[in-house]
Asks: 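One structure coming up, written as structure tokens, with questions to follow.
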2 protein chains.
Amino acid sequence: MSLRHAILVLLQDEEASGYDLAREFANSIGLVWNATHQQIYLELGKLNEQNMVHYRHVPQDGKPDKKLYRITDEGRQELVRWLRRPAAPARVRDAFMVKVAGAALADPETLLGELDQLVQQRKERLANFEAEARKLERQSEGNSRFQHLTLRRGILDQEAWLAWAEEVREVLEDTLSHQH
Amino acid sequence: MSLRHAILVLLQDEEASGYDLAREFANSIGLVWNATHQQIYLELGKLNEQNMVHYRHVPQDGKPDKKLYRITDEGRQELVRWLRRPAAPARVRDAFMVKVAGAALADPETLLGELDQLVQQRKERLANFEAEARKLERQSEGNSRFQHLTLRRGILDQEAWLAWAEEVREVLEDTLSHQH
DNA sequence: ATCCTCATGTAAGACGTTACATGATTTA
DNA sequence: TAAATCATGTAACGTCTTACATGAGGAT
């Protein structure tokens with residue numbers, strides 16, 4: 001279980017609300033570890049009980065109040081302990097890839113449509129990562145180097161996926177032309 | 001839930017036991033969708049109850065008996081229905097990546113050691129995928145093209161990961177040299 | 001008017017992991 | 001002699017998703 005550790009990593013450099021964290025999980029870090037707001041609020045509750053994070057209540061007007069969390073010494077110690085232990089093997093659930101493997105039974109046109117949508121999404125994500133990476137390169141302070149590596153992973157991953165998508169497109173278009 | 005669909009895709013071309021499927025999930029398709037034998041046996045039980053697969057009991061000597069499963073027409077129909085619906089978004093749980101993001105608090109030497117191990121694993125996987133891909137290229141029949149695409153995804157993914165790992169190594173080695 | 005963003009949460013149920021159980025044969 | 005391979009399963013527990021709930025302010 002390292003949702004807690006992903007949260008602690010994010011809280012290393014910044015105070016954040018559950019909502020803030022959920023946004024980060026949906027964007028940058030989401031490629032690597034994803035979580036919905038329900039999971040995050042639950043985990044923040046547990047981390048707070050265990051004194052690994054603390055929060056201050058921030059009233060706002062026009063908007064709902066929020067809780068800004070920050071990591072505690074105990075939380076930092078837990079992170080250090082976890083960093084020393086070998087990481088659990090990566091897990092993936094990519095339903096679109098399962099579809100491509102089973103594409104012999106699929107309608108090529110429908111799959112091509114879905115492929116186009118995913119290509120669009122991936123291109124947008126790539127552009128976001130590249131913009132974020134450029135920002136970080138400008139400021140180049142100490143521990144931003146590791147955040148930069150995370151973005152580099154995102155960039156290389158999108159590029160590899162897009163290259164693969166072109167191969168898929170060729171095969172699907174070829175299948176289509178042989179059907180008519 | 002598409003563990004069931006991943007299983008049905010694998011059973012499209014071949015009769016297989018739960019054990020056989022578990023091996024495939026540990027290797028080729030595992031990059032895309034992973035599952036342990038417990039999950040697979042459970043799901044095969046459900047698929048059988050719902051008449052999406054059938055099995056025949058095969059006694060063996062020297063080895064335990066096995067059940068060889070094959071997909072039914074109903075199973076194939078379910079697969080076709082699923083292939084038409086948009087795929088669920090991909091989910092990832094990559095603890096090592098979380099570690100890199102939090103590497104500011106980590107011991108660079110320990111992380112480098114873990115990186116080396118993962119590089120080894122990925123290189124072996126890459127070699128396996130490339131060998132499998134060459135086999136498929138030789139026989140080039142109808143629906144092996146989609147299996148080939150799955151392998152291509154695996155290959156591109158390993159290559160991208162290995163390229164990224166070199167960037168990580170540089171940063172970690174640099175961190176190390178500035179510590180002394 | 002309707003949807004999106006901000007902001008937090010609960011609860012039920014589905015899904016997944018870890019541990020346990022068995023037992024013959026082959027390889028190191 | 002110990003560990004791995006083949007082969008199937010159950011039970012307990014932990015994690016994750018889906019649905020529900022609230023409510024103001026801003027954008028379309």
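The analysis underlying the following values was restricted to heavy atoms, covering all of them including side chains, and did not include hydrogens, waters or symmetry mates. First the proteins, then the strands, lettered A, B, ... as listed; each starts at 1.
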Asks: If you walk 5' to 3' along DNA chain C, what is the first nucleotide with an atom under 4.0 Å of a heavy atom in chain B, and what is the last?
Replies: C:dC15 to C:dT25
Asks: In whole angstroms, how far is the C1' atom of D:dC16 from the CE atom of A:M1?
Replies: 13 Å
Asks: Charged N to carboxylate O under 4.0 angstrom, B:K46 versus B:E49?
Replies: no
Asks: Give B:Q38 one of three labels, base, sugar-phosphate or nothing, depending on what nucleic acid heavy atoms sit under 4.0 Å from its own.
Replies: base
Asks: CD1 of A:I7 versus P of D:dC16: gap in Å, rounded?
Replies: 10 Å
Asks: What is the separation between atom NE2 on B:H57 and atom P on D:dA7, rounded to the nearest whole Å?
Replies: 12 Å
Asks: If I take atom OH in residue A:Y41 and atom P in nucleotide D:dC16, what distance separates them, rounded to the nearest angstrom?
Replies: 18 Å
Asks: Can you find a side chain N or O atom of B:R93 that sits less than 4.0 Å from OP1 or OP2 on D:dC16?
Replies: yes
Asks: Scan A:E15, A:R70, A:E74 and name whichever one has a side chain to side chain contact (heavy atoms under 4.5 Å, CB included) with A:H54.
Replies: A:R70
Asks: With sequence neighbours left out, which residue pairs that include part of residues 60-93 of chain B fulfil the ring pair (Phe, Tyr, Trp, His ring centres under 6.0 Å) condition?
Replies: B:H5-B:W82, B:Y55-B:Y69
Asks: Taking atom P of D:dT15 as reference, at what distance in whole Å does atom CZ of A:F25 sit?
Replies: 14 Å
Asks: Between A:G62 and A:T36, which residue's closest nucleotide on DNA chain D lies nearer the 5′ terminus?
Replies: A:T36
Asks: Taking CD in A:E14 as the centre, count heavy atoms belonging to other residues, nucleotides or ligands within less than 6.0 Å. Is the count above 12?
Replies: yes
Asks: I want to confirm an ordering. Mapping A:D61 and A:K46 to their closest nucleotides on DNA chain D, which one lands closer to the 5' end?
Replies: A:K46
Asks: Check the distance between D:dA19's C1' and A:Q39's CD and give it to me in whole angstrom.
Replies: 15 Å
Asks: Quick one: do the B:Q38 and B:T36 side chains pair a donor with an acceptor below 3.5 Å?
Replies: yes
Asks: Between A:R153 and B:D94 (salt bridge meaning N to carboxylate O under 4.0 Å), is one present in this structure?
Replies: no
